Amino acid sequence: MSHRIGLPHMRFWTLVRRAFPFAVVTAVAVSALIATPDTAPTQTSQAAAPRPATLHELDVPATQAPDVPAASAAPAATPSPSPSAPERSEVRQQAVPPAPEKTAHEKAGPEKDGTDEVATLPRTTVRPFSMVGVTWARGGEDFDVKVALRKNGTWGAFQTLDTDRDAEADAGPEVGRAGTDPLWVGSADGVAVRVTSPSGQRPADLKVATIDPGRGSDVAPAAATVGQPKIISRSSWGAKGPTKGNECSAPVYGASTLGAVIHHTAGNNDYTKAQSAGIVRATQAYHTGARGWCDIGYNFLVDKYGQIFEGRRGGIAKQVRAAHSGNGPVNERTVGISMMGTYAKVAPTAATKKAVADLVAWRFSLAKLKATGTYTLGGLRLNRIVGHRDVLSTECPGAAAYAWVTSSGSTGLRQEVARRLAGSSSTPSTPTPPTTTPTSGKDIKSLAAAIGSEKLGKLVRKEWGNSVQRRAIYQNMDLLWTKAAGAFSVTSVVRREWHRTGEQGGRLGFPISSRSSTGDANVKYQRFQKGSVYIVGTGSATKAYAIYGPIFESYKTVKGTSGPLGAPTSTVLRDRTGYQRVTFAKGYMEYSEGSRAVSTWYKNGSSPDQLTVPSDRSVVINGRGFGHGIGMSQYGAQGAARQGKTFQQILASYYPGTSLAQRSGSIRVLVGDATSSTVTVRARSGLVFRTLASSSGTTLPTSSSGTPITNWRIRVSTADATKSVLEYRAGSRWRVFRDRIWRGSAQFQATSLGLVLPNGSVREYRTAIRSTLPASGSKERKTVNVLSLDDYTRGVVASEMPSSWQQEALKAQAVAARTYAVRTLMPSRYYDVCDTTSCQVFKGLSGETANTDKAVAATRGSILTYQGKPALTQYSSSSGGASAPGSAPYLKAHLDPFDGWSGNANRSWRVVVKASTIERAFPKVGTLRSLTVTQRDGTGDWKGRVVSIRLTGSKGTQTVSGPDLRFALGLKSHYFRLG
């Protein structure tokens, strides 16, 4: 009976088997690839020859402090140099050691600023460099990174490097290593690093990269065409082309252009026009050599002189997928434009603004887009032109640049682009402050007068802004005005919290209310555009907590401070990789960046971990995934292939630390459906019989005395069950062939053989069908198919994965099946592997398909090894978005970014189980009253899979494992929540 559950066209029991750690897959440590340059420009002068890009890395593993674990490392292939490769822009990476272990006294509390220093690189002399960045293995929470530089013999102060927050789950195919934006420093020869973390968690494999941009030839922009600004080509600035076979060797194009994302490169703004090409070369070297991307992350770069540089390869007029936003779908459907420099306090130059507006207008004209309006992509609703910070949590493109990008005034980027699209590029005059009365509240001037100078303190910065939003800064408070809400002050603890979250361009936006009271005298709040700041306590004990995003929206639905959670006791914190949390007086909320779901725990026990059986005695269970979740998700492999991942990258992402190797040979497969001791095959030309005691065989005839032979068989002798007899059927009778009677095993051999099963059906197999004795002197026989490893793999892949799936997913499955086969080889036993869901499903030649055969051929002989031995790897139908930990070092628990594509029906599921079903499975508890999860594995929504769960009933309690409950109730996995 076939059940269409799990993978399409796959047998039900194949999927049920995914719960067990039988099938094997491993990961690939992909060999480092060396980039080759695009076609170089013709040399036109006798100046010093260009020095194109080279890459050099020094890997020094950081030690681990015993008290604080490092963030888990996701795989990241890092390019390494070839001895014969031409010199390129140089990237040097040095590992950053952890900070000294704290004493017991120091561990009792956080540092003064609420963070712990978790890694430091002391002042270190290096070869001269012009750009610096810091990277680490994917995983962990937000880290604050600072660097100090030695320039001209003098050490400077530490400065913060911008970091893309929250980019890991949605980054798309080019996840690479986590890291900071690169910092252009001009010229330096010394570097020091400090890394701090709110929780004391340390990033894994932390490295500082110093970059020499090399030397380019004279840079000249290509002539502008109608509507197109002048653009400096990749070959002109000295770009390195992609390595053959990497993700950029064949550019990936989005279906259409939906918008533009504006960035800044960071670094100082003190560079010459002649240095701009070097900054671009260095940025490409950092992106490819340190971050592990396949090319420079931006589509275009614009310097402060208005020069436009072509970025990622693929065509300036085409929608080339880049790696600029930290959100895979946004990367694929938007143009990424980066302004070269830092614009936190200083606005972009007039030349930069003009060039960016010209570039966006030209690309929008090709796509027939308007400058304004919105669209939905990557889980976000975005304006057509946005800053990077609108896509994920980052300071980019800097507050001053962001104000220009988002301004609704006549000099804002959107209006500049709109004018160009309408046929005019004239620059309007500087806007004047609004003179009309706001729709509600006061304007800033009136509000300041009402508050009074004594409370305001000294004026720090006079009022500025536009006709929609404005701000003024005083010593004791900020005054802000929006056209929609009016003017409000932000002061004291609220002001500090608002500044921490990024001010008006950050997590909260502009204030839209004054401080308001709640039902609790000790709790007040102030509303902002994107959330609220809650003021908890009185006097010196007063604290402020910012809550925003999905957690804020969910908190409102449970009535906020007056609801069952009570007042907040924390702001939004990174609890663990991929999850945000806010704690409250009576529980906490957790947001999954992968599934975008908010879960709520209450101290009274009502949570995803506890359920009181309701009066209708129906237990609701919501779950994720199908199977044990260890290792590769098959749906995840297909999802990764759909994003352009190679099979090596798919396996490397699920099984870091394993390597490709070659293995050949044969394997013996126990045929489970051949339940008889008699082995019967169809007669055919070329069929050979031989006993295993003999090295040569006998070619069997196809007819006897003119009568066609239809079948051949090996059966147990009726006279002596320790012997076997060879017989053939011609007409309606079976006859012994040449008195062939022997002791031991024997087999039929041919290119293909038709095995007749006990039910009369015929299944085709390759190479040999053996009648074998399970043990010496046995009176029964077992049917075994003997064939090559690759032929065996052909029969497995088509049974384990839909043949219509992407080739790269099928290749990953092929390597997995072959590796499993090698691990099962057991000469001391009469067979190596079974053909059922207890091992890997194998249907022989009858189960093969052209598409799966193609994948097997493309990976011929490839297996995966760990420390020189075949790797023990596992896979399941669907991880549900989080891989579970396994027993091997490369079976790591981690969030799975590939599992959640639209075709995966097993990503989420819901069932209703009657309490009586649970009572029958576990009768010791009597009448079931409640269920309480007592332990989870820590990875994924609701803190991961259920390790143990307590059942409480009228007769007592019983604690069972999550997998035991799963199988007792027929659940798809033990990754579930209650209620």
Side-chain angles (χ1 to χ4, degrees), residues 109-116 142 144 160 165 196 198-199 393 395 399 441-442 444 447-448 450-461 471-482 485-549 551-552 555-556 560-563 565-575 580-586 588-589:
E111 304 287 343
K112 286 184 178 181
D113 60 357
T115 61
D116 285 336
D142 292 343
D144 293 317
T160 300
R165 311 290 190 190
T196 57
S199 69
S393 178
E395 295 300 316
K442 300 174 181 291
I444 288 178
L447 180 60
I451 294 173
S453 59
E454 183 177 348
K455 291 183 178 180
L456 287 170
K458 183 180 178 180
L459 177 65
V460 176
R461 183 175 178 183
R471 180 182 177 187
I473 303 176
Y474 291 84
Q475 182 180 358
N476 298 328
M477 63 187 71
D478 284 38
L479 304 184
L480 298 104
W481 172 89
T482 60
F488 301 96
S489 64
V490 180
T491 185
S492 66
V493 291
V494 176
R495 187 191 198 191
R496 289 197 295 271
E497 184 73 344
W498 180 67
H499 277 259
R500 186 190 66 80
T501 61
E503 305 177 36
Q504 72 269 16
R507 296 289 199 178
L508 292 167
F510 280 80
I512 59 174
S513 80
S514 301
R515 292 195 188 188
S516 302
S517 299
T518 67
D520 186 338
N522 290 325
V523 181
K524 295 181 174 58
Y525 70 94
Q526 183 169 4
R527 279 296 312 275
F528 291 79
Q529 291 170 323
K530 304 175 186 177
S532 285
V533 174
Y534 293 86
I535 307 100
V536 181
T538 58
S540 60
T542 301
K543 296 182 178 180
Y545 304 112
I547 305 181
Y548 44 80
I551 290 181
F552 175 67
Y555 186 47
K556 289 193 298 183
T561 57
S562 62
L565 285 171
T569 57
S570 82
T571 185
V572 180
L573 300 174
R574 175 61 61 85
D575 177 48
Q580 299 170 16
R581 176 189 283 200
V582 174
T583 59
F584 300 91
K586 302 175 184 178
Y588 66 89
M589 283 185 164

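Remember, predicted model here, so these are calculated numbers, not experimental data.
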Would a 4.5 Å heavy-atom cut-off, applied to side chains only, mark [X] and [Y] as touching?
{"X": "Thr571", "Y": "Glu497", "result": "yes"}
{"X": "Arg515", "Y": "Thr491", "result": "yes"}
{"X": "Tyr474", "Y": "Lys458", "result": "no"}
{"X": "Val582", "Y": "Thr569", "result": "no"}
{"X": "Val572", "Y": "Tyr548", "result": "yes"}
{"X": "Gln580", "Y": "Leu573", "result": "no"}
{"X": "Thr482", "Y": "Gln529", "result": "yes"}
{"X": "Ile451", "Y": "Ser489", "result": "yes"}

Non-hydrogen atoms of [X] and [Y] that approach each other most closely:
{"X": "Ile444", "Y": "Ala487", "value": "N-CB, 4.0 Å"}
{"X": "Pro511", "Y": "Gln526", "value": "CB-NE2, 3.8 Å"}
{"X": "Val536", "Y": "Ala567", "value": "CG2-CB, 4.5 Å"}
{"X": "Leu508", "Y": "Phe528", "value": "O-CB, 3.4 Å"}
{"X": "Tyr525", "Y": "Ser532", "value": "CD1-OG, 4.3 Å"}
{"X": "Leu456", "Y": "Ala448", "value": "CD1-O, 3.6 Å"}

If you round to the nearest 0.5 Å, how far is [atom2] of [Y] from [atom1] of [X]?
{"X": "Leu479", "Y": "Leu447", "atom1": "CG", "atom2": "CG", "result": "5.0 Å"}
{"X": "Arg507", "Y": "Arg500", "atom1": "CZ", "atom2": "CZ", "result": "9.5 Å"}
{"X": "Ile512", "Y": "Phe510", "atom1": "CD1", "atom2": "CZ", "result": "12.5 Å"}

Does the distance from a Lys or Arg side-chain N to an Asp or Glu carboxylate O, for Glu503 and Arg471, drop under 4.0 Å? yes

Could you walk me through whether Arg581 and Ser570 pass the side chain to side chain donor-acceptor pair (under 3.5 Å) check? CA-CA 9 Å; Arg581 176 189 283 200; Ser570 82; over 6 Å; no

Checklist entry - Taking Trp481 for the side chain and Ala472 for the main chain, is one N or O donor matched with an acceptor at less than 3.5 Å? => result no

Exactly one of Val533, Val494, Ile535, Thr561 clears side-chain contact (heavy atoms from CB on, under 4.5 Å) with Lys524, and that residue is Ile535

Review point. Would you call the rings of Tyr534 and Tyr555 parallel, tilted or perpendicular if under 30° counts as parallel and over 60° as perpendicular?
Key: perpendicular

Counting only heavy atoms not in Lys530, do more than 12 fall under 6.0 Å of its NZ? yes

_Is it the case that atom NZ in Lys455 sees more than 12 heavy atoms from other parts of the structure closer than 6.0 Å?_
no

The side-chain hydrogen bond (donor to acceptor under 3.5 Å, both in side chains) partners of Arg495 (sequence neighbours excluded) come to Asp478

